[in-house]
Amino acid sequence: MEHIRVTSKGSVGKSILTVLTLGTVFFAAVKLIDLDMQKFYERLENAPEVLSRMMTIDLSIVPDTFSNIVTSLALAFLSLVVAVFLAMLLSFLAASNIAPHRLTAIFIKSIFAVIRSVPSLVWGLMVIASLGFGNTSGFVAILISAVGYLTKTFTGSIEETGGEIIEAMKSTGASWFQIIFHGLIPLCITSFIAWITVCFESNLSESIGLGIIGVGGIGLLLTQAINTYNYAQTTTIVIMICLLMFVMELLMTRIKKNIKYGNS
Amino acid sequence: MNNKAINYKIPIDQREIKRPLFIMLSIFALLSFSVYYLEISFIEMMMGLPNFVMFFFQKFFPPNAENLQHYIPAVIDTLGYAVISTYISTIIAFILGILISENTNKFKTLQVVTRGFVSILRNIPFIIWGALLVYIFGIGGIVGVFALILVTVGFLSKSYAESIDEISGDKLEALRANGSSYLQILFHGVIPEFIPAWINWTLFAFEINVRASVVLGLVGAGGIGVLIDTNINLFKYGEAITIIAVVVIIILLTELVTNSIRKRFV
């Protein structure tokens with residue numbers, strides 16, 4: 001009986017080579033940063049004790065948690081709305097098929113590539129250094145990264161879907177504003193809303209994270225609980241954060257679905 | 001017919017007006033509530049950004065690049081954490097992804113349990129994971145790797161499971177009808193179809209990991225983030241901005257590399 005080849009010739013050698021390369025990269029990385037495993041094992045022995053102490057919850061902090069959750073939500077929402085307006089404006093200037101000039105498109109895109117590369121918490125540190133602690137700093141920090149994200153994604157959807165409709169409207173003599181308001185916005189609004197929901201989720205997790213470096217909200221409460229070694233409160237707050245993000249995820253998925261199947 | 005009909009103006013906007021109006025109003029109400037609740041005045045809020053830009057240029061410039069060579073070990077650490085955690089979490093996430101997907105796991109309870117576990121991992125922001133793990137294990141690089149693994153596993157398992165779900169059931173059914181064992185279906189049916197999506201998601205996870213590994217330094221988990229934090233706390237803004245520039249370069253380069261790999265393989 002003739003043996004029938006399942007895989008194509010040479011593919012075995014190729015995959016062995018790939019695995020070898022990947023393995024080398026991994027071990028090189030481990031070697032380069034020499035993680036202190038010994039110390040980690042020592043600490044691992046303490047971990048069960050800490051964890052067992054964390055296995056309680058403190059319900060007295062729940063009302064406080066709620067008010068702080070509202071702060072985080074409000075920060076995320078406020079910066080989301082402002083970011084949507086700014087990003088709409090910028091993305092129509094930055095999408096290469098509708099931009100008034102080629103150079104503005106390139107200019108905005110490259111600036112935002114740099115802005116997006118700075119992680120939001122690093123923006124947070126810089127904003128706090130400039131404006132001091134407080135909600136305004138949180139607002140500005142989240143706004144910067146949200147505008148960066150939304151401008152990129154909006155530009156992407158305009159460039160992806162806009163091509164033909166722009167040409168059609170141009171041939172009827174529509175002005176730049178007319179093309180945008182009657183052509184592009186109605187066309188792109190569904191994908192915009194999908195991006196906005198994603199952005200709201202990331203805004204929320206950013207506003208929680210910003211609490212760790214000193215802006216208000218639930219993150220700050222958690223940091224305080226951690227710094228005072230209050231195990232029960234820490235656990236409670238983490239559970240609340242998890243629930244909050246879970247509810248938000250459900251909500252955003254529902255909004256996305258509604259929009260997708262033309263329920264609105 | 002009648003002449004009146006000719007003069008009718010056809011409205012461009014033919015949708016019903018009530019619903020968008022309602023949505024607009026509720027957004028506006030939420031907005032004013034947020035402004036009120038956060039106790040930031042509208043002017044302060046609007047001036048926040050210009051003020052920041054002004055302060056920013058006054059404080060952070062000119063950059064101070066004297067200690068550039070001292071940053072190199074931190075850069076290597078940051079990248080190393082990202083590489084190691086991507087590797088480990090890829091393997092764990094693949095197993096979890098198989099457990100979550102309906103195509104490969106028929107046990108409903110196991111599916112639900114894994115899905116819940118992954119969703120907990122994913123829903124707690126990574127910086128909170130970092131803070132918690134530093135709290136439990138103390139500061140150090142390995143804690144950073146651990147936090148990165150947890151978060152990446154949460155993200156990747158869901159993405160992997162979705163990609164496995166997208167593989168058409170017909171093909172797997174055909175294999176099953178042939179009498180293939182479970183492992184044969186897995187290795188000859190699922191994995192070959194899954195590899196492009198797998199490469200794509202893994203590269204994406206690597207990008208996220210590099211960013212996250214920068215940020216995790218801020219909570220004391222090692223890497224270049226520690227340097228940013230200490231320099232800003234010591235008011236050495238010129239040095240801080242240099243390190244941030246290094247971070248930007250790292251992240252842009254990572255994106256460049258992952259995009260070129262993606263183009264070649266996917």
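Letters A, B, ... mirror the listed sequences (proteins, then strands); counts begin at 1. Just so you know, these numbers use all the heavy atoms, side chains as well, and skip hydrogens, waters and symmetry mates.
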Legend entry - Atom pair CD1 (B:I244) and CG (A:L125), whose distance is rounded to the nearest 0.5 Å: 7.5 Å
Legend entry - Point-to-point distance, once rounded to the nearest 0.5 Å, from OH of B:Y237 to OG of A:S130: 7.0 Å
Inset, instruction - To the nearest 0.5 angstrom, please state how far the CG atom of A:L78 sits from the OG atom of B:S32. - result: 10.0 Å
Inset, instruction - Kindly compute the distance separating CD1 (B:I124) from OG (A:S205), expressed to the nearest 0.5 Å. - result: 12.0 Å
Inset, instruction - Among the options A:E201, A:M126, A:E206, pick out the one with the most heavy-atom pairs lying under 4.5 Å from chain B. - result: A:M126
Inset, instruction - Counting only heavy atoms closer than 4.5 Å, note whether B:I232 contacts chain A via side chain, backbone, both or neither. - result: side chain
Inset, instruction - Test side chain to side chain contact (heavy atoms under 4.5 Å, CB included) on A:I208 and B:I127 and set out the steps. - result: CA-CA 9 Å; A:I208 293 171; B:I127 193 79; 5.9 Å; no
Legend entry - B:I251 to A:S117 - nearest heavy-atom pair and separation: CD1-O, 2.9 Å
Legend entry - Side chain proximity check, A:V122 to B:V247, heavy atoms < 4.5 angstrom: no
Legend entry - Most contacts with chain B, counted as non-hydrogen pairs under 4.5 angstrom, among A:V70, A:I213, A:V118, A:I212: A:V70
Legend entry - Contact class of B:I241 relative to chain A, heavy atoms under 4.5 angstrom: side chain
Legend entry - Heavy-atom proximity to chain A below 4.5 Å, by part of B:L31: both
Inset, instruction - Between chain A and each of B:V143, B:T254, B:I228, B:L30, count heavy-atom pairs under 4.5 Å; write down the option with the most. - result: B:L30
Legend entry - Euclidean distance, A:L80 CG relative to B:I27 CD1, rounded to 0.5 Å: 9.0 Å
Legend entry - Residue pair A:M245, B:R122: steps toward the side chain to side chain contact (heavy atoms under 4.5 Å, CB included) verdict: CA-CA 9 Å; A:M245 295 306 282; B:R122 191 162 29 100; over 6 Å; no
Inset, instruction - Name the region of B:D229, side chain, backbone, both or neither, that has any atom closer than 4.5 Å to a heavy atom of chain A. - result: both
Legend entry - Residue-level interface, residues 205-217 of chain B with chain A, non-hydrogen cut-off under 4.5 Å: B:R211, B:V214, B:V215
Inset, instruction - Please determine, among A:L75, A:L22, A:T223, the option with the most heavy-atom pairs under 4.5 Å with chain B. - result: A:L22
Inset, instruction - Mind ranking B:A82, B:P125, B:P73 by heavy-atom pairs under 4.5 Å with chain A and telling me who comes out on top? - result: B:P125
Legend entry - chain A contact via B:L218 - side chain, backbone, both or neither, heavy atoms under 4.5 Å: side chain
Legend entry - Region of B:F33 that comes under 4.5 Å of a non-hydrogen atom in chain A: side chain
Legend entry - Residues from residues 236-244 of chain A approaching chain B under 4.5 Å (heavy atoms): A:V238, A:I241, A:C242
